[in-house]
Amino acid sequence: MSSATKTKTAKKGVSRVGRLLGLGAERFMPVPQLVAVADGLVVTATGAEAWFVLSSANTDLMPEPAQDAEQDAAALALAKVLPGYDAHLKVVWSPLDGEVYRAEAHEMFTAGDVEAFADMWAQRLDGLDLPQRHLLLGIKIAERATATNATVKDTTASALGLRHTGLTEGELAQLDAAVRRLERRLEATPWRARIAPVELLAWAISRESYRPQPAPPHLPVVTGASLVRLSQSRAIPHADHLQLLDARGETAAWVALLAMPAFPEAMHTPGEQEWLRCLSEIRYTHESGDEVLVCPEASVRFNVWRKGAAIKAVDKVRQSAKEQRRSASENSAGETLAEIEETELVMEALRQRMSRDSMTLLHDHPRLLVSSVESLEDLRARCDAVISHYAGLSIDVIVAADEQREMWLESLVGDMLRVADLGHIRETDALAASMFWGGSEAGDDTGPIAGLLTGTTPGVVRFDITAGSARGDATTTAFLGRSGRGKTTAMMLATLTAAMRGAYALMLGFKGDEIGLIRAGEYLGLPSHHVTCGIDTPGVADLFRMLQRGEAALQVVSQMLIMLPERMRNQGVETHLLRAVNEIAEHHDPASWRVVDLLKDSNNELARDAGHALAEVARTQLGAPVLGKPRDGASPLQPEAGLWLVQVPGLTMPQAGTRPADMTMNERVSLALMRGLIAYALNTSSRADLRNLPKVISVPEVHVLTGTDDGKRFLDLVARMGRALDTSLAIDSQDPNSLLGLDGVLEAITTVYGFEQATRVQQDALAELLRLPVGDASRALIHGVGKTAHGVIRHGHCIVRDRFDRVATMQWDSPSYELLRALSTNPRDQAEDAERDQSGRSEGELESEDEGVDHRAGFGKAGSEG
């Protein structure tokens, strides 16, 4: 008997048994044997599947019209890209492993105590036990053999002691080409699909066994013994669950497969009835009393019908209903059943929609997987929570009694549809309405962790303030919101992380409460420099010391001119200043105080008057840092990697457009000092010897600068030139409305963190910067983002718009309470810490004082701003 005849006979025999039992033949098919796994490709003995990673969309804060458009685009993608394919959608979860991030940290961070920083984050993530969602789509692209032929070949090879997969390089190349053709079509969909890396596929295969496996080898294709180790497992099926065993034969997990036999005729979306997006919202009461996420997983096998076949099926149903109506009319004196008439009308309307629009039909088989590693009772509590949740959405969910083995096999990568009688034939809109790719998503795929998502999908937000230049993108980040909500602390965390990555990080502090940045830097072992501009630090901001010799002269003249009275400028004092500055510039140790002394000894009366005037300015709080004679041991600003905090308390800046003649003495000196710091920042950004070093300039309370012409020019220049100079700009302001007129800054902003705002004008400005629709809904969102339902302030809670224009709510986070406490801008916290440092109290006393503080998430008490 030929091999083909044997196959047909075997299938007929299976089908006969299946028909007697009311079952399909697929239930009895052997488990497909994995042959190879490569990037985007899973090959079994019977077929090959292309696998893709789907990107999430941030739909939580998306306006309803945009959500409708997103759903329509997904339905269109199903109808256009996947007709005729057998597809397998998997929604799976994995814990964010602290050890994995520890390994990432050693690659990301290069300065300070990297080991301690990595340990902090690893412990923090392990404590959070935060799940991550993964969206995988598999598409069958080739048949290789029937199940019977594959079984015969495998048995024969084993008997002969052979293990030949039969996968040639030519076949692998053809399959890889098919995968990449599909990727090009799927990457233009709302899911922005990309080929699944082999490591992810290997993880997806091995995780089903609940047996820890070694990492797959770094090869283009995983085959042979390595693949066998990844896929080996042992499961004992029971009526309502499976018991998975580890390598020692002990129970590793309990898993239950749930079917979804009935959906309502119509579902309302966007909303709660997004039946796959809501997986991340299901909670149950754990035996400990805590409300814990269930995180059920989904396995949906589906086949999108080709348009012609779908129309033909609809016509067949419509014609059948029409014939039944006629028959009923003839046999019952015109009394036609209402159900038959309704069916005919529905089919007619459906056919018109399919002919007019791009909609078609699909056949899907949704399954939910619930698992527990604690106990069978815990598994059943989780199942009850899932069933109750969906009952509230008018969706029936049941534990698939006596179908656990078949449904579990069906959910595995590389397997097939086995329980075909628990499916649904419906429009592509029905699967699109599940919004399986919706929820919360923001930040980058890689990089340092900045905080936690607080929308419907749990996860982390990754953010690197220095990454814009490396991407060839703009480099400005805005932290906007009212005082006391954590925006300055968030900016300091981002600046601190940049310094840990080896960047030159400069913060210009105009508030005076940023000292926590230096404390945190010292805590993490970073080179940290604190410069306070005041009467006790003469010459610390002298441009002769901060700039290169050839660039300092004109900047010094500009500074001195703005500090001198209007009458001296009108008399031509500029020429005398330039002559004196040029002479001092040739000195082996040029300094502004030497220029003042030279002017005082001049033979020209105007020059002498200018020298005496500047000498008096040098004795003031704001003039001393610029014109004073340095004291021994003073540390000037230097262009070196690490943290640099330059605090300038007491600045009184003139309003934009104010003529020098109308400025007060305090405003003129403040402007001169600020010009010097701006010149230093710009010069450091453009230095040739620092061109390859990432740089960050952070400016808290940036409205101090936006109120002046000099400040606006500085912000505009750094924002526009940041990419070319590898310099990132971070700005923090309580007045987002003041940024709307700064086109250069607005064009360069890639990321916005919006904290609570109280007034309508500022709320509307922030909504515009977040690219939310300006209106009552956005105002309510912005007004309430910084408080709980009971009015308690949530420090560090904000709305983020990332570089992909995705908008989500998030909570800034710190790896340890001690680091967060060090960063605190709260005056009371700073006073307590200073007193503690002076008294030298023990760590035990510190810990006892900290009892009762919630360290689990966000900024807690230590994250507030002054």
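From a predicted model like this one, the values you see are computed outputs, not experimental measurements.
One finds the CG atom of L376 at 7.5 Å from the CH2 atom of W254 (value rounded to the nearest 0.5 Å). Between D126 atom CG and D97 atom CG the span is 6.0 Å, to the nearest 0.5 Å. How far CD1 of I395 is from OH of Y390: 6.5 Å, rounded to the nearest 0.5 Å. For the atom pair R194 CZ and D39 CG, the distance stands at 12.5 Å (nearest 0.5 Å).
None of E49, R301, H88 except one satisfies the side chain to side chain contact (heavy atoms under 4.5 Å, CB included) rule with D415; the exception is R301. With T269 as the fixed residue, the side-chain hydrogen bond (donor to acceptor under 3.5 Å, both in side chains) test singles out one of Q71, E274, R277: Q71. The only option from W93, W51, W203, F52 that meets the ring-ring contact (aromatic ring centres under 6.0 Å, His included) definition with H134 turns out to be W203.
Stacking of R426 on the aromatic ring of F263 is recorded, both the 6.0 Å distance cut-off and the 45° axial limit being met. For the pair R405 and W408, the NZ or CZ position fails the cation-pi test of under 6.0 Å to the six-membered ring centre and within 45 degrees of the ring normal.
By the 4.0 Å N-to-carboxylate-O rule, E441 lies too far from R133 to be salt-bridged with it. D176 has a carboxylate O that lies under 4.0 Å from a charged side-chain N of R180, or vice versa, which qualifies the two as a salt bridge. A salt bridge links E171 to R144: one of the charged nitrogens lies within less than 4.0 Å of a carboxylate oxygen. A salt bridge links R380 to D240: one of the charged nitrogens lies within less than 4.0 Å of a carboxylate oxygen. Note on E297 versus R367: no salt bridge recorded, every NZ/NE/NH1/NH2 to OD/OE distance being 4.0 Å or above.
A heavy-atom distance below 4.5 Å is not found between the side chains of L130 and P95. Side-chain contact between T428 and L361 is absent, with no heavy-atom pair separated by less than 4.5 Å. Under the 4.5 Å side-chain criterion, counting only non-hydrogen atoms from C-beta, L258 is in contact with V370. Two residues are said to be in side-chain contact when any heavy atoms from C-beta on lie closer than 4.5 Å; V255 and L244 meet this criterion. Between M62 and P270 the shortest side-chain heavy-atom distance does not fall below 4.5 Å. With contacts defined as side-chain heavy-atom distances shorter than 4.5 Å, the pair T809/D60 does not qualify. Side-chain contact between L393 and C278 is present, with heavy atoms from C-beta onward closer than 4.5 Å. Proximity of M260 to L368: side-chain heavy atoms (C-beta onward) are separated by under 4.5 Å at one or more points.
The backbone N or O of R248 lies less than 3.5 Å from a partner atom in the side chain of D246, making a donor-acceptor pair. Side-chain atoms of D86 do not come within 3.5 Å of backbone N or O of K140 as any donor-acceptor pair.
There is no side-chain donor-acceptor pair under 3.5 Å between H238 and Q404.
E272 CD: 12 or fewer foreign heavy atoms inside a 6.0 Å radius.
A perpendicular orientation is assigned to the rings of H286 and Y284, their planes being inclined by more than 60° (bins at 30° and 60°).
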**Request:** Apply the test side-chain contact (heavy atoms from CB on, under 4.5 Å) to residues L422 and M407: give CA-CA distance (whole Å), side-chain angles for both, the deciding distance (0.1 Å), then the verdict.
**Result:** CA-CA 10 Å; L422 287 177; M407 284 195 174; 3.4 Å; yes

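Proximity of the aromatic rings of W191 and F436 is defined here by a centroid distance below 6.0 angstrom, and this criterion is met.
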